[in-house]
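Within every chain, numbering begins at 1; the chains are lettered A, B, ... in the order of the sequence lines, protein sequences first and strands thereafter.
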Amino acid sequence: MLDVAGLRKVYEGQGHRVEAIADLTFRVGTGEFACLVGPSGCGKTTLLRCLAGLLAPTAGMVRVDGVPVAGPPPELAVVFQEYGRSLFPWLRVRENVELPLRAKGLPKARRQSIVDDALAAVGLADAGRAYPWQLSGGMQQRVAIARAVGYHPRVLLMDEPFAAVDAQTRADLEDLIRDVWRRLSVTLLFVTHDIDEAVYLGQRVIVLSAAPSTVDADLAVDLPDERDQLSTRADPRFTDLRTQVWSRIKRTTALEASP
Amino acid sequence: MKAWLGVLGLLAFGGVLEALPRLGLVPAGYLPPPSRIAVALADQAHQPTFWAALGDTLRTWLTGLAIAVAAGLVCGVVIGSVPLLREATASTVEFLRPIPSVALIPLAVLLYGTGIRATLLLVVYAAFWQVLVQVLHGVGDVDPVARDTADSYRLGRLARMRYLVWPTALPYALTGVRLATSVALVLAVTGELVIGTPGLGREIAVAQSSGAVPAMYALVVVTGLLGVAANLVTRAAERRALVWHPAVRT
Amino acid sequence: MIVRRTVALLGLPAVLVAAWWVASAGSTDFYRPPLARILAAFRDTWFGRRLLDDVAPSLARLAVGYTVALCAGIAIGVAIGASPRLRALTEPVLEFLRAIPPPVLVPVVILVAGIGDLMKVLVIVSGCLWPVLLNTVEGVRAIDPTLADTARVYHIGGTLRLRRLVLRAASPQIVTGARQALSIGIILMVISEMFAASSGLGFTVVQFQRSFAIPEMWSGVLLLGLLGVLLSLGFRAVEARVLGWYHGLRAVARGSR
């Protein structure tokens, strides 16, 4: 469903160039939940912007459902890290969720029922009349998720969506996202710098090296499908996977430090 | 790159203005080509009356500005630091501020004739509120945590002024001065134009009524250049005085 | 509490008006008539035919000129603000045009458009345009990149993007520009009539001054002041509606700092 081949991105500034992504190749199958981790500053956000068609790569190609990406593909939604800046502060919560549906040209009644369902799915059925900035950070990110859910994408990209919320909220949101993924049967690529989160959420963890990044490892997460904050995290297999990812990342950063 | 585009834009603008009358699309009597305006400008530069008018405008403008800034700063700090005073004057300030200063023109003429003081009244009235309101905002914006810190260290009134109120209010005050500078220029020229106080505004009116069209445009350009200079100077001053301030730093 | 607030609101203005009343009560100074006479003149002068013949046309010209400047300024500002290249190209020209004190445009426009209604409206347009235009450019330029990305990802384009993203995101700056433009507009309304006219508010007030109808002139000054205050109150009411979200957002950001 999501096909990345030989992707490379170099930023050319005045007199200096930064190579963010050296050479990336991987694919995410239809309906799969993949997590992407890497040391901080490894070009995760650059990659995500290339995947979403917001940024043209220097070389290589991204395909969504077999179609090469040039500009944001249809049926792809993104949840950004900065929830405070990706929601429209002059629109109420309902209108925020509704706006992409309006752009799709859906009739009003249809839009209303989709918005109701999407808000209910993220547990915000009562907050529709509020403005986003009247809500807590975690609730704002729920609105952003509801907007993505209502859009009914086939591919959902998430860019460190929970990096800015507190630990308890984060756990709730993680379970919410697992729930959404199963219900929508969407292909999900989740970018994070948190190794525990990657292992807890994904069916697969793709480890990136430090910038200029390449795929350093690609591990299958063979944990049971039913996950639970307490028992899954206490599972020896969880600890084991976590350690594997950890050591991978440590190695790439150590290599980086002693060139 | 960016600067070159700007120069290109200016040249293109000048080119269009030059072409319009020359191609007969606009009567040259209404809009003389810039080359003729430039000639008129050079001509003006040789006349002592022009320099006298420029001097008069500068004097009215800067005198009025200085009075307004001084009064605005003093009133702003005093009113702003006394909560009771602030509360009592709020509605009066809000009422007096939007009164257009041109409403005062007949009064000014009646009281001061066509002398410089008539125009000064307009300039000071208009510029004063810009400074006062900004300083009031600034003094009111002192960080409550910093205020508590100052309390716990028992800072005296002067030290508090120096280290707490002044640095917070400074960026606001400078914004006020920047706004006041351009408003003061507008009102100085208005007074000269309408009341007849000596200065560039009066020269423009004279040039218009005597049909010296290129000279009129040349004088308009000069007032525009004064405005540009004022903007550049006040913005540079803001940047210099506020190197430590987050709004400038980031 | 309510009593206290009322006193704070009306206390000083009441004292000032009372002081004026008392101080001027027995005045025989020709130039400073008693406030009572000014108020009487106010009633006799303005609540009659003059309201229709002088006040209404002035305000109508202001309304037309201001509206045209607002629409044109926003339209051109959006176009320029959306393109970095166009912005760089036009910036010095716009900086210069903005810096010209608007009143000097009165003689220029008289040259082109005579001394009729058209001249007065054009003067108001040519003065009000720049603050709206430049602030709109600034507002459109500063649209949050994350919001712009969001709009792209969800394929929000065309007029939907213009109405729900661009104009709303730039609205705080547009309102700032519109406020500056309004006070310039009032100034230009008055002086375009003082300079060359046979009717209108500015003309009438200057006429009173020239014919030494002193209480009437004072009443005209009062009326102009009152209009300024009323227009600014009206503007604030509109602003509260348009920028309700912005003030709320700011208050939240301030509280969490």
Side-chain angles (χ1 to χ4, degrees), chain A residues 45 48-55 64 69-93 95-106 130-137 140 143-144 147-153 155-159, chain C residues 74 78 81-82 84-85 88 135-136 138-178 238-257:
Chain A
T45 298
L48 192 122
R49 286 172 55 84
C50 287
L51 297 184
L54 293 169
L55 197 64
V64 171
V69 166
E75 304 192 45
L76 177 140
V78 181
V79 173
F80 292 94
Q81 177 182 350
E82 309 96 331
Y83 48 79
R85 289 169 48 199
S86 89
L87 296 172
F88 294 71
W90 46 85
L91 297 181
R92 294 172 194 279
V93 165
E95 297 164 325
N96 261 289
V97 179
E98 193 191 354
L99 191 60
L101 308 174
R102 225 179 240 276
K104 272 188 178 177
L106 296 182
Y131 284 102
W133 38 266
Q134 291 172 321
L135 307 175
S136 69
Q140 288 184 39
V143 177
R147 180 169 62 189
V149 167
Y151 191 63
H152 231 284
V155 178
L156 178 56
L157 304 179
M158 304 188 86
D159 182 16
Chain C
I74 292 174
V78 166
R85 198 163 294 203
N135 278 286
T136 306
E138 203 41 46
V140 172
R141 184 186 67 79
I143 289 179
D144 191 307
T146 307
L147 272 187
D149 279 353
T150 305
R152 279 185 67 195
V153 163
Y154 290 109
H155 297 272
I156 296 159
T159 48
L160 195 62
R161 181 184 141 89
L162 184 68
R163 277 174 42 219
R164 297 296 157 99
L165 174 66
V166 177
L167 289 179
R168 298 306 298 269
S171 60
Q173 277 88 347
I174 295 177
V175 167
T176 304
V238 174
E239 177 186 344
R241 270 191 77 87
V242 175
L243 290 187
W245 65 271
Y246 179 68
H247 296 310
L249 180 67
R250 285 265 304 248
V252 170
R254 212 167 255 262
S256 67
R257 194 172 60 179

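For C:Ala169, the parts sitting under 4.5 Å from any heavy atom of chain A are the backbone and the side chain alike. Residue C:Leu160 touches chain A through its side chain alone, counting heavy-atom pairs closer than 4.5 Å. Looking at A:Tyr151, the atoms closer than 4.5 Å to chain C (heavy atoms on both sides) all sit in the side chain, from C-beta outward. Within the 4.5 angstrom heavy-atom criterion, only side-chain atoms of C:Asp144, from C-beta onward, approach chain A.
Under the ring pair (Phe, Tyr, Trp, His ring centres under 6.0 Å) criterion, C:Tyr246 pairs with no residue, sequence neighbours left out.
Heavy atoms from other residues, nucleotides or ligands lying under 6.0 Å from NE2 of A:His152 number 12 at most.
Within the 4.5 Å cutoff, no side-chain heavy atoms of A:Leu101 are placed close to those of C:Tyr154. Considering only heavy atoms from C-beta on, A:Arg102 comes within 4.5 Å of C:Arg164 through its side chain. In this structure, C:Pro145 and A:Arg85 have side chains that are in contact, with non-hydrogen atoms separated by less than 4.5 Å. The shortest distance between side-chain heavy atoms of A:Tyr131 and C:Leu249 does not fall below 4.5 Å.
Ranked by heavy-atom pairs under 4.5 Å with chain C, the first of A:Gly71, A:Ala52, A:Pro132, A:Pro73 is A:Pro73. Put simply, of A:Arg92, A:Arg147, A:Glu95, the one with the most heavy-atom pairs under 4.5 Å next to chain C is A:Arg147.
None of C:Leu165, C:Val242, C:Leu167 except one satisfies the side chain to side chain contact (heavy atoms under 4.5 Å, CB included) rule with A:Trp90; the exception is C:Leu165.
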Side-chain donor-acceptor pairs under 3.5 Å in residues 76-84 of chain A, sequence neighbours left out?
none

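Under the 3.5 Å distance criterion, the side-chain polar atoms of C:Arg152 are matched with a main-chain donor or acceptor of A:Gly53.
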